[in-house]
Every structure is written in C-alpha cells, then in structure tokens.
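First listed ligand is number 1; within each ligand, the first listed atom is number 1.
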Amino acid sequence: MKEELIIVLDFGGQYNQLIARRVRDLNVYCEVMSYKNPIEKIKEKNPKGIIFTGGPNSVYLENSPSIGKEIFEAGIPILGICYGSQLMAHILGGKVSPAPSREYGRTDTYFDTNSALFKNIENNSVTWMSHTDYIEALPDGFVCSAHSESCPVAAMENKQKKLYAVQFHPEVMHTEKGQEILSNYLYDVCGCTGSWSMKNYAKTAINEIRQRVGDGKVLLALSGGVDSSVLAALLSKAVGNRLSCIFVDHGLMRKNECDEIEEAFKNWEINFIRVNAKDRFLKRLQGISDPEKKRKIIGEEFIRVFEEEAKKIGSVDFLAQGTIYPDVIESGAGDAAVIKSHHNVGGLPDYVDFKEIIEPLRLLFKDEVRKLGSELGLAEYLVWRQPFPGPGLAIRIIGEITEDKISILQDADYIFRDEIANAGLDKKINQYFAVLTSMRSVGVMGDARTYDYTLALRGVETTDFMTAEFAEIPYEILSKVSTRIVNEVGHINRVVYDITSKPPATIEWE
Ligand code: XMP
C-alpha cells in the first residue's frame, strides 16, 4: 500500500500505541517500529517523518536504548517526545541531567508560537509531564521553543534540519493542545496531506485482496465479534461468495444473538454457514463445573465442528484471520506474523486444509476496524459489539451448565443490556453482563416463600481489559434492572452488583 508514512520509533515508552493512534486520528498512516531496527531499514521505508517515543531509562546510562547519529542527517523531520527529546539532545551534543525537581502531571507551559510546532495555539496552556531528567543545555544549532516553571527546555528545535523535541506528552489527553501540536508536526513540518481514511483503506484493501486471492477460495471462522465480522464484510466485497464463513452456534451465546448475526449477514454475498451445535456442546459439558475444563471442552468441540464443516467445503486456498495491529505490535513491532487463536485454543490452522493465511486487518487499530465496518455498511450492532468470551455463557454460569440455567441467564442478561442501552451508557461502559451464581437463598414473592438463585451484574470501564474499574452505574438504573429481572425472569430472587475492580478480581467470574 503506497501511503505517506510516519514511523513511530519505539524506545520502550508506555504510550507508543497511543502516539500511533493519535497520528492515525489525524488521517496520516503510521507504523510502530523498534529502535533496534537498522537505520537503513527505516530509511528504506521512505517515511515523511519519524517520532521518537518516550522510554523508561536515562539517556546517559550505559545500555540505554539509543540510535546512530546518522538518523539526524537523513533529512527526515524528527519529533522527539520525552525520552526521545532527551535522546536527541544527548546524541547531538547537548546536556541531559537529573532535574532538580521531578515534574509529573498537568503543567503550565509557555510556547513560542513562532515555532511551526506551536503555530495557531495560545502561548500558554497545560501539558502532561512525566520526567526525572531534563535538557540542561541545548545542542548546537537548536533554540528553546517552550518552557515551564521547572523545565527550562520543555521544547527545542533546529528548524533548518527539521528536528523538533518536546519534553511533555502531546499524545496524552491531558495535554490541552496536544492534537494541534501533532497536527502541526504532521502537516506543517512533514508536509503530509492526510490521505489515510477508512474509505481509502477499504478501496485499497479490496483491490489488494482481489489481486492476492485471484479466483481462489477463502475460509473464515466467524464468531460475530467485531474483528471477524468486519473481516467478513471486507472479504465479501472483495471475493463475494468465494468466501465461506463458518459460524458455530454452541448454544451459549446471548439471547437472540445467533439470529441477529445470521440476519446481519443474510444479505451479504458470502457463503454463510451456520452450524447449530448446541446439543453436542451441552452433552459434552454435562456435569462439568470446573471453569478451565469448560473452556477446554468448548475449545476442542469448536475445532471438531469447524473441521467437519471445512471438510464439506473441501480444500481452500486461504484461511482468513482477524489479526489486528495491537497483536502485531505486541508480537515484536511489526516483524512477526501472528496467528490468533480462537476461543483460547491455538492451532486452528493445523486442522484445516488451506495453503496460505491472509490477515487484511493487521494494520488497523480497534477503533479503525469499527470505522471500517461502518464504512462497509455493517450493522451498527456488530460494529459496536462489546467483547464476548469465546466460551460464552458457559463461564458466566457458575457450576454445572443446564439448558434451564442458560435460558434464565439469557433473559436476565438481556434486560440488563436493554436498560443500559436505554440509559445511553452502552458505549461508555466497556463490558457489562449478568452472571448466574450457584448460590440460592430465601426470598418472598407475594405471600410465598421462594428459594432461588442470586444473579450478579457486572459492568467495567477499561481501555485494555488487563486492568478495569467497576462502572459506577447510577442506583436508579440498577434498581430498575433488579426489579425487572426479579419480575420478568423466573428463579431469581436476589440481584447483586459486583463492585470489585481488576485486580484483585477478574472481569469474568470464571
Ligand atoms: P478476565 O476475566 O480475564 O477477562 O479479566 C479479560 C477479558 O477477556 C475476556 N475473556 C475471554 N475471552 N475466551 C475469550 O475469548 C475466554 O476464555 C475468556 N475469558 C475471559 C473477558 O470477557 C474480558 O473481556
């Protein structure tokens, strides 16, 4: 794909992906690369600019991440951020030292608005700082272009060589003019034109897939999740019904979900295969309470069903995978191929007769995948779907799984989702669901004693699902959900809300 390219050169900072996402938000394509790549490899990519990320080290220590001086002589505009700014100063002959006082958090910063970087912003606003070292002396040829109370060089530049550096983090939301500063760098300093959009991406990707696939056949395991759904839509536009999508209904999806997914794909030109496999999954899960055993059984059974269906199709040329850019970065900054396992069971490709893997989403961030889905005309329900675990409701029913319990949980979960959507919280709370516990307790309904299940509601706010805070759902909404569930769903007489964060808890209960 011939795009204007910005390279985000990663020195180990915690915000490397965030910088890349901000650049993409400004309609410029960028890739994250490790600083360990040879400079030749970086130059070969012909970038319009390079952004050095932050990093946890001190530039003057031995073995700190560094780069050869020739990168600054390549005529490519560079923006150093935090550690990246100090590295630029250090390598080019300035002085970096431990700061007399560490700066952390929101900081009043003063800008020289004659600088291309700070054009069209006020000369004073808040930035986000996080550093213990600072630039004490500028390298030759540089001028200072911003300062704060305890940071004399909050920004520096060598206009002639197009080298710019900021001590603060423009990519972090707390930097009030961060997006404007990045935009100035991309458009004014690097001369980008802003050609990256999901509309353009769709067009190019469809052409590329057509060229690669020719008149071959493609197979995709469609889970109904955002990535596989968008992938199905993209491939459908590219190869039509030479794409076969196998969608396994294991009977553990949310209420109406399988029909909704089938409905959403009904009118697409694909070979959509829905396998109703509930009975065989439930049979194998009979009497099983241990969560890891449940996961394993479901994973194995999924592979078996998939394999049987794939055999009916016969040999295919390509197996499509929904790998996305964060998987690529995490596996080694774009160098390694990633094969995403499905339902936590690796090795799906081993079981299926195919020649090559295609991963048409491997350059996209999650929010771009969603935008692409909308661009392709995919149902909003699928584009904004919250994450749902491969083993489905099996790990939201504590203890043994029965058909009755699945149906109780589906009904209760449906009411919870309905009320969250009615309250307009469905895009704010990142994941929310009901859990059917194995606990039963005494209640009273009308004049009669009941002895029924306790249902737990869970809602979390998170960006990475590695850590999460419980969502502060207003009491009146929780109250409405609880009343509706107890009145409308049988066998639940008590509803509780989970107020633990992760850690120490996990998001799912099993
Ligand atoms: P935990 O419970 O580990 O969940 O805090 C983190 C995220 O992962 C999802 N999750 C799973 N996804 N198979 C999946 O495909 C699984 O077995 C599984 N277990 C947890 C969970 O929904 C949350 O988004």
Side-chain angles (χ1 to χ4, degrees), residues 220-231 246-255 257-258 261 277 281 284-285 288-303 305-306 321-324 326-327 330 338-348 361 365-367 369-370 382 384-399 401 406 409-410 412-413 416-417 420 425-437 456-471 497-510:
L220 168 70
L222 180 71
S223 69
V226 180
D227 303 341
S228 71
S229 299
V230 174
L231 186 52
I246 299 178
F247 170 58
V248 179
D249 174 3
H250 51 25
L252 297 155
M253 299 289 267
R254 289 168 292 195
K255 185 170 173 163
E257 198 164 28
C258 296
I261 291 167
F281 276 88
R284 285 213 53 203
L285 286 165
I288 305 292
S289 297
D290 179 72
E292 286 317 301
K293 276 197 191 135
K294 288 180 187 173
R295 280 194 170 82
K296 200 158 171 268
I297 289 171
I298 293 168
E300 279 171 10
E301 201 59 22
F302 177 86
I303 299 256
V305 174
F306 190 84
Q321 299 264 336
T323 313
I324 64 172
D327 307 327
E330 275 146 32
V338 184
I339 296 171
K340 202 175 197 178
S341 60
H342 198 87
H343 293 226
N344 291 359
V345 180
L348 182 58
L361 306 180
F365 285 110
K366 192 85 182 183
D367 38 350
V369 174
R370 290 193 208 274
L382 289 176
W384 287 103
R385 196 172 181 267
Q386 53 168 315
F388 185 65
L393 300 183
I395 56 166
R396 294 180 182 169
I397 293 171
I398 311 300
I401 298 160
I406 295 173
L409 180 57
Q410 280 177 332
D413 183 74
F416 186 34
R417 286 191 287 136
I420 290 291
L425 295 175
D426 47 340
K427 285 184 187 158
K428 181 167 181 279
I429 305 176
N430 305 99
Q431 199 173 4
Y432 50 96
F433 53 88
V435 175
L436 187 64
T437 76
L457 303 175
R458 180 85 164 131
V460 292
E461 287 180 27
T462 172
T463 48
D464 54 8
F465 296 88
M466 308 287 279
T467 62
E469 300 293 331
F470 73 85
Y497 186 56
D498 182 347
I499 53 165
T500 35
S501 294
K502 172 184 179 179
T506 51
I507 295 174
E508 302 288 347
W509 274 38
E510 284 203 330

Q: Look at Arg417 together with Asp426 and state whether they make a salt bridge at an N to O cut-off of under 4.0 Å.
A: no
Q. Is Lys294 paired with Asp290 through a side-chain N to carboxylate O contact shorter than 4.0 Å?
A. no
What atoms of ligand 1 come closer than 4.0 angstrom to any heavy atom of [X]?
X	result
Pro391	13 (N), 16 (C), 17 (O)
Gly390	13 (N), 14 (C), 15 (O)
Thr506	1 (P), 2 (O), 5 (O)
Lys502	1 (P), 3 (O), 5 (O), 6 (C)
Phe465	6 (C), 24 (O)

Do [X] and [Y] have side chains that get closer than 4.5 Å, going by heavy atoms?
X	Y	result
Glu300	Arg284	yes
Leu285	Leu252	yes
Arg396	Leu409	yes

Q. Among Gln431, Glu508, Arg295, which one has a heavy atom closest to atom 19 (N) of ligand 1?
A. Arg295
Q | Residue selection (non-hydrogen contact nearest atom 12 (N) of ligand 1) among Pro389, Pro291, Pro387 | A |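 It is Pro389 whose heavy atom sits nearest to atom 12 (N) of ligand 1.
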Q) Quick one: does Asp413's side chain have a donor or acceptor within less than 3.5 Å of a partner on Ala434's backbone? A)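 Side chain of Asp413 to backbone of Ala434: a pair is present.
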Q | Contact (N/O only, under 3.5 Å) between Ile507 and ligand 1 | A | yes
